[in-house]
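What follows is a single structure, written as structure tokens, with notes after it.
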Amino acid sequence: MIYSKKICVIGLGYIGLPTAALLANRGYDVHGVDVVQSTVEIINRGEIHIVEPELDTFVKAAVNSGKLKADLKPAAADVFIIAVPTPFHEGYVPNIDYVVSATKAIVPYVKKGDIVILESTSPVGTTDKVEDVLKEEGIDTSKLYIAHCPERVLPGHIMRELVENDRIVGGTTPEATKATVEFYNTFVDGEVLSTDAKTAEMAKLTENSFRDTNIAFANELSILCDKFDIDVWELIALANRHPRVNILQPGAGVGGHCIAVDPWFIVHAGGKAAKMIRTAREVNTYKTEWAIEKIKNAALEFENEHGRKAKVACMGLAFKPDIDDLRESPALYITRRLISDGLDVLAVEPNVEGFKEFALVNYNNALEQADVITFLVAHKEFKNLNTQTELDFCGVLN
Ligand SMILES: NC(=O)c1ccc[n+]([C@@H]2O[C@H](COP(=O)([O-])OP(=O)(O)OC[C@H]3O[C@@H](n4cnc5c(N)ncnc54)[C@H](O)[C@@H]3O)[C@@H](O)[C@H]2O)c1
């Protein structure tokens, strides 16, 4: 199969922009599309609107060479890659509205022989839905190659992992799988594995649910260890010396727009059959509530002892260490709850500047002023601090 050289990437966020920039640097003509005007303008200046190492160099080179152009509208292409958000509605109901509207947007441009790839993390059946939407809009989908290829990059290492990671490709037909695998093989060094669309969708959800379940196990252990007066970090380190045990680390909950979201896609469709995956989500959510209670109790104890309200330092707001991403962050949720419940909070997040919702305090100042200190995220700045607290939910002092 011979590929012509035009790619249209819909959605220029953490996944779409690095993909578009990588493809452009590999010689493809890339037409990037986003619905946000400022995003389009920034990219067309050769600049970036998100934080990701090396991405600026890739985008600058791609735009300067004329291989990458951003626009508010799609254009004719040989390969369409959809990389738009897939969050959930109220009640953890999957929201594929962005996928549907991105699919509708390409209708005027798709032609016989084109490849349409859904990269967004998607509930099982979404790739078929893409095909249905195209059909409803009058496209003869038997002449297209439609496939799902979930993205599994780690933020902070996206440019490297886009090339090195193994990929899973599942087409709506074996021919679609084959054509899409051939496309990824032109720029991926990892192995590109073939399956069908539903299995590819479920594989991505499974990967994130596996991690969520393992972390839930660690979080449950942390609550049990608190009850038994055992150091959970030591316990897990010891248990992990078993050659076939690998327990992940507990924390203040589980956050981010992937692990805290994707398992719900399985639960929503699986109902009662998704018992363990649902329970893992519930355990991880409960861990956050448990942490809030522990912090409030410590503040109350201080108040009873000293006759004044405690100043509580919340160390870290991001959903994991050393990033500025606050999406679905349990640390941010805890801090918000403590503030709304009337506690006197000193919020610390060294990776964020100018937070609008409440004032942020430098971590040294917070530690000096605080009566109660809680570590919520294991940022590098917090390691080796000369301080002690029983409220170290992320094990940064260990
Ligand atoms: N960020 C990650 O680390 C990561 C990893 C693996 C998978 N994913 C998945 O990839 C998908 C995209 O995630 P992301 O992190 O890039 O999201 P993002 O929010 O960073 O970017 C999505 C972009 O799509 C744009 N957009 C929304 N609707 C659009 C439309 N109809 N047409 C054109 N553009 C549109 C938004 O303006 C935004 O710029 C999601 O399904 C996510 O779960 C993300």
Side-chain angles (χ1 to χ4, degrees), residues 7-22 30-44 47-53 55 59 69-75 77 80-88 94-109 116-124 126-127 129-130 133 137 148-162 165-168 200-201 203-209 211-212 255-266 318-320 323-329:
I7 319 281
C8 183
V9 179
I10 328 287
L12 298 173
Y14 283 93
I15 296 303
L17 183 57
T19 304
L22 175 70
V30 182
H31 183 90
V33 182
D34 206 284
V35 286
V36 178
Q37 174 120 27
S38 57
T39 298
V40 168
E41 287 168 3
I42 290 168
I43 295 167
N44 281 334
E47 294 165 10
I48 57 177
H49 64 296
I50 50 177
V51 179
E52 178 60 34
L55 178 62
V59 170
K69 286 193 185 73
D71 198 351
L72 289 166
K73 289 217 167 349
F80 292 86
I81 299 177
I82 299 174
V84 294
T86 42
F88 45 54
N95 174 357
I96 61 161
D97 296 354
Y98 299 94
V99 174
V100 171
S101 71
T103 306
K104 285 185 177 164
I106 65 172
V107 165
Y109 308 98
V116 178
I117 302 163
L118 175 63
E119 280 210 2
S120 302
T121 304
S122 296
V124 172
T126 310
T127 314
K129 177 79 185 168
V130 166
V133 170
E137 298 287 326
H148 181 50
C149 180
E151 187 49 76
R152 36 158 76 136
V153 287
L154 178 68
H157 302 266
I158 293 181
M159 297 319 298
R160 179 176 57 77
E161 289 207 353
L162 271 179
N165 286 357
D166 292 343
R167 299 294 292 262
I168 298 172
E201 288 159 349
K204 170 68 191 179
L205 303 182
T206 300
E207 291 159 17
N208 284 348
S209 297
R211 291 181 63 75
D212 196 46
H257 61 300
C258 288
I259 298 184
V261 174
D262 304 343
W264 288 117
F265 293 179
I266 298 181
F319 85 81
K320 66 177 183 177
I323 58 165
D324 64 344
D325 195 338
L326 303 177
R327 288 180 287 182
E328 309 292 327
S329 169

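Counting starts at 1 for both ligands and their atoms, following the listed order.
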What are the atoms of ligand 1, with element, lying closer than 4.0 Å to any heavy atom of Ile10?
32 (N), 33 (C)
Ile42: side chain to side chain contact (heavy atoms under 4.5 Å, CB included) partners, not counting sequence neighbours
Arg45, Glu47, His49
Look up atom OG1 in Thr19 and atom CE in Met159, then write down how far apart they are to the nearest 0.5 Å.
7.5 Å
Can you tell which of Gly156, Pro85, Ser122 gets a heavy atom nearest to atom 22 (C) of ligand 1?
Pro85
For ligand 1, which atoms, with element, lie under 4.0 Å from some heavy atom of Lys204?
6 (C)
Please report whether ligand 1 has a polar contact with Arg152, defined as an N or O pair separated by less than 3.5 Å (distance criterion only).
no
Minimum non-hydrogen distance to atom 38 (C) of ligand 1, winning option of Asp71, Asp34, Ile158
Asp34
What residue and heavy atom of the protein are closest to atom 41 (O) of ligand 1, and at what distance?
Thr86 OG1, 2.6 Å
In a check of side-chain contact (heavy atoms from CB on, under 4.5 Å) between Val9 and each of Ile117, Val30, Ile15, which one passes?
Val30
Thr39 heavy atom under 4.0 Å from ligand 1:
no
Give the numbers and elements of all ligand 1 atoms closer than 4.0 Å to a heavy atom of Val36.
37 (O)
Does ligand 1 have a heavy atom under 4.0 Å from the side chain of Ser120, from its backbone, from both, or from neither?
both
Using distance alone, determine whether Glu119 and ligand 1 share an N or O pair under 3.5 Å.
no
Using a 3.5 Å cut-off on N or O atoms only, is Asp262 in polar contact with ligand 1?
no
If I apply the N/O under 3.5 Å rule, does Gly16 come out as touching ligand 1?
no
